[in-house]
Amino acid sequence: MQHYEQYHEVDGYYISKSFPEECVRSALSYKTQPGDLFIVSYPKCGTTWMQHIVYNIINGHPPPKNQLLSWIEMPFLEAQGAESVEDMQRPGPIKTHMAFRFQPYSKDAKYIYVARNPYDCCVSHFYHTRNAPIYRFQEGTFDQFFDMFVEGKVDVGDYFDHLLSWHAHRNDPNVLFVTYEQLKKDINAWVVKIADFIGEEFGQKLRSDNSRLENVLLNISVKNMKEILNDSMKTLFDDPETALGSKVPKWIALMRESIGADACDRPMTGDFVRKGVVGDWRNHFSEDQVKRLKKRIHEKTLGSDVMDLWKDADIPHGVFNAKLWAISRGS
């Protein structure tokens with residue numbers, strides 16, 4: 001039960017205790033401004049990748065390698081609070097992991113929602129939770145995390161509640177709904193679609209200058225994302241005064257206090273950007289876990305066509321078949 005103790009509710013929002021309560025409450029009460037551009041997803045569904053796509057489209061180059069500087073230009077609303085959005089350069093992306101009922105929402109703002117199939121999301125979420133000291137899960141196992149995931153007791157709560165809440169708004173004119181798997185299948189086309197969604201002028205720039213599009217695609221490759229993020233995320237809170245000068249935002253002190261000095265001073269034990277693939281669930285799920293997640297999917301999505309998002313993806317479909325499962329595992 002000790003792993004469950006790392007989470008709590010802030011005004012109904014289930015979240016890791018490492019997020020400062022003051023910042024979470026500030027985020028939940030944030031009033032959108034015309035032109036706000038939000039990137040929303042359940043954790044480990046492609047949020048950071050989409051942030052980098054959007055940043056490169058707008059600016060024509062990658063975000064700063066120093067993660068504190070990057071967070072200032074692409075604020076994480078729940079972690080940094082509303083003040084961080086007021087201080088950001090515009091246009092720019094604002095990251096949240098909020099289900100729709102918590103999300104600051106307005107027809108005058110834009111929202112890019114990234115969904116990922118629950119099997120691969122669970123695996124990626126496990127590694128993130130185990131590798132980041134803030135979750136105090138370094139000795140945790142995939143079996144333990146799977147139980148928490150199925151129960152909806154991991155960071156930001158239940159995967160299916162989150163997905164369904166935004167799937168209901170997928171056709172809103174100010175929402176661009178995309179899956180991680182779609183991005184992987186045809187990133188070239190989706191970069192242009194995303195640019196058009198951000199603003200007509202951004203799509204025109206990519207269409208009129210192929211080298212600009214190629215530059216975006218190069219910068220958002222898994223290889224380049226690894227180079228930008230994997231080392232810098234390990235030293236996120238190292239010497240903020242040197243990185244930011246005399247004006248160190250209040251949220252940094254609040255985060256250090258919430259996380260605890262011991263966790264802040266320990267680096268991540270694995271890569272922030274790990275594989276970036278579809279289908280890694282096969283290397284982790286047992287036969288029983290496939291059955292249990294399929295049961296959870298049936299219970300949570302009954303009456304919805306949301307799982308059709310992955311009708312062509314490499315995930316279990318239909319009634320569980322143990323023989324086919326064994327064959328797929330090479331057993």
Side-chain angles (χ1 to χ4, degrees), residues 11-15 19 23-24 26-59 63 70-71 73-82 84-86 88-117 121 155-183 187 189-203 216 220 304-306 309:
D11 296 342
Y13 187 29
Y14 189 85
I15 196 166
F19 287 74
C23 293
V24 175
S26 172
L28 293 172
S29 62
Y30 173 68
K31 303 300 181 185
T32 60
Q33 302 175 39
D36 276 352
L37 174 61
F38 292 92
I39 295 172
V40 191
S41 80
Y42 190 78
K44 308 311 295 179
C45 288
T47 333
T48 304
W49 192 20
M50 184 58 73
Q51 282 180 283
H52 281 241
I53 293 171
V54 169
Y55 188 95
N56 275 277
I57 289 171
I58 292 172
N59 297 287
S70 185
W71 276 32
E73 294 199 30
M74 301 186 295
F76 184 0
L77 192 58
E78 298 98 304
Q80 299 167 246
S84 64
V85 177
E86 295 166 5
M88 71 180 288
Q89 296 181 11
R90 293 173 180 271
I94 305 165
K95 167 184 172 179
T96 80
H97 282 316
M98 297 182 188
F100 187 84
R101 69 189 181 101
F102 295 111
Q103 176 70 44
Y105 191 79
S106 165
K107 62 181 178 58
D108 296 321
K110 293 183 178 182
Y111 303 82
I112 300 175
Y113 185 85
V114 189
R116 190 178 192 181
N117 79 76
C121 172
D155 215 356
V156 314
D158 187 86
Y159 165 92
F160 297 99
D161 290 345
H162 197 290
L163 172 64
L164 287 165
S165 76
W166 278 96
H167 188 252
H169 292 271
R170 65 194 181 282
N171 294 321
D172 289 6
N174 60 333
V175 173
L176 180 64
F177 192 103
V178 59
T179 69
Y180 183 88
E181 293 77 12
Q182 287 173 319
L183 293 174
I187 186 61
W190 273 102
V191 164
V192 177
K193 287 181 185 179
I194 293 162
D196 286 335
F197 180 76
I198 296 170
E200 184 180 347
E201 67 275 21
F202 295 106
V216 173
I220 62 170
S304 169
D305 63 352
V306 67
L309 292 169

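Taking the six-membered ring wherever Trp is involved, the centroid distance between the rings of Phe76 and Phe19 falls below 6.0 Å. Under the 6.0 Å cut-off for aromatic ring centres, Tyr42 and Trp166 do not qualify, their centroids lying 6.0 Å or more apart. Proximity of the aromatic rings of Phe102 and His97 is defined here by a centroid distance below 6.0 angstrom, and this criterion is not met. Aromatic pair Tyr105/Tyr111: centroids less than 6.0 angstrom apart.
Considering every non-hydrogen atom in both Cys23 and Glu78, the closest pair reads CB-O, 3.5 Å. The two residues Ser26 and Ala82 have their closest heavy-atom pair at OG-N, 2.8 Å. Of all heavy-atom pairs spanning Phe38 and Ala109, the tightest one is CE1-CB, 4.1 Å. When all heavy atoms of Asp155 and Pro43 are compared, the closest pair comes out as O-CG, 3.8 Å.
Taking CG of Leu183 as the reference point, atom CH2 of Trp49 lies at 5.0 Å (rounded to 0.5 Å). Taken from CG in Asp158 to CG in Leu163, the straight-line distance is 10.0 Å, to the nearest 0.5 Å. Distance check: Met50 CE to Leu176 CG gives 6.5 Å after rounding to the nearest 0.5 Å. The distance from the CH2 atom of Trp71 to the CD atom of Gln80 is 5.5 Å, given to the nearest 0.5 Å. Here CG of Asn56 is found 7.0 Å from CD1 of Ile220. Values are rounded to the nearest 0.5 Å. With rounding to the nearest 0.5 angstrom, the CD atom of Gln103 is 9.5 Å from the CG atom of Leu28.
Put simply, the side chain of Trp190 reaches to within 4.5 Å of the side chain of Lys193, judged on heavy atoms. Taking the side chain as every heavy atom from C-beta outward, His167 and Asp305 approach each other to under 4.5 Å. Contact of the Leu164 side chain with the Ser304 side chain is registered, since non-hydrogen atoms from C-beta on lie closer than 4.5 Å.
Distance alone, capped at 3.5 Å, places no donor-acceptor pair between the Arg101 side chain and the Ser165 backbone. The backbone N or O of Pro93 lies less than 3.5 Å from no partner atom in the side chain of Gln51, so there is not a single donor-acceptor pair. No donor-acceptor distance shorter than 3.5 angstrom exists from the side chain of Lys95 to the backbone of Thr47, with no hydrogens or angles considered. Between the side chain of Asn174 and the backbone N or O of Ser106, at least one donor-acceptor pair lies under 3.5 Å. Side chain of Thr32 to backbone of Pro104: no donor-acceptor contact under 3.5 angstrom is found.
Just one residue in the list Ile58, Ile194, Val54, Asp196 forms a side chain to side chain contact (heavy atoms under 4.5 Å, CB included) with Phe202, and that residue is Ile58.
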Side chain to side chain contact (heavy atoms under 4.5 Å, CB included) evaluation trace for Leu37 with Ile94: CA-CA 6 Å; Leu37 174 61; Ile94 305 165; over 6 Å; no
Apply side chain to side chain contact (heavy atoms under 4.5 Å, CB included) to the pair Glu73 and Met88, showing each step before the final yes or no. CA-CA 5 Å; Glu73 294 199 30; Met88 71 180 288; over 6 Å; no
Go through the steps for Asp36 and Tyr30 under the test side-chain hydrogen bond (donor to acceptor under 3.5 Å, both in side chains), then give the verdict. CA-CA 11 Å; Asp36 276 352; Tyr30 173 68; 2.7 Å; yes
Can you check side chain to side chain contact (heavy atoms under 4.5 Å, CB included) on Met98 and Val156, steps first, answer last? CA-CA 7 Å; Met98 297 182 188; Val156 314; over 6 Å; no
For a side chain to side chain contact (heavy atoms under 4.5 Å, CB included) check, start with the C-alpha distance between Ile112 and Ile53, then their side-chain angles and the critical distance, and finish with the verdict. CA-CA 11 Å; Ile112 300 175; Ile53 293 171; over 6 Å; no
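Under a cut-off of 6.0 angstrom, the local environment of CD in Glu200 is sparse, with at most 12 non-hydrogen atoms contributed by other residues, nucleotides or ligands.
Residues Asp172 and Tyr113 bring no donor and acceptor atom of their side chains to less than 3.5 Å of each other.
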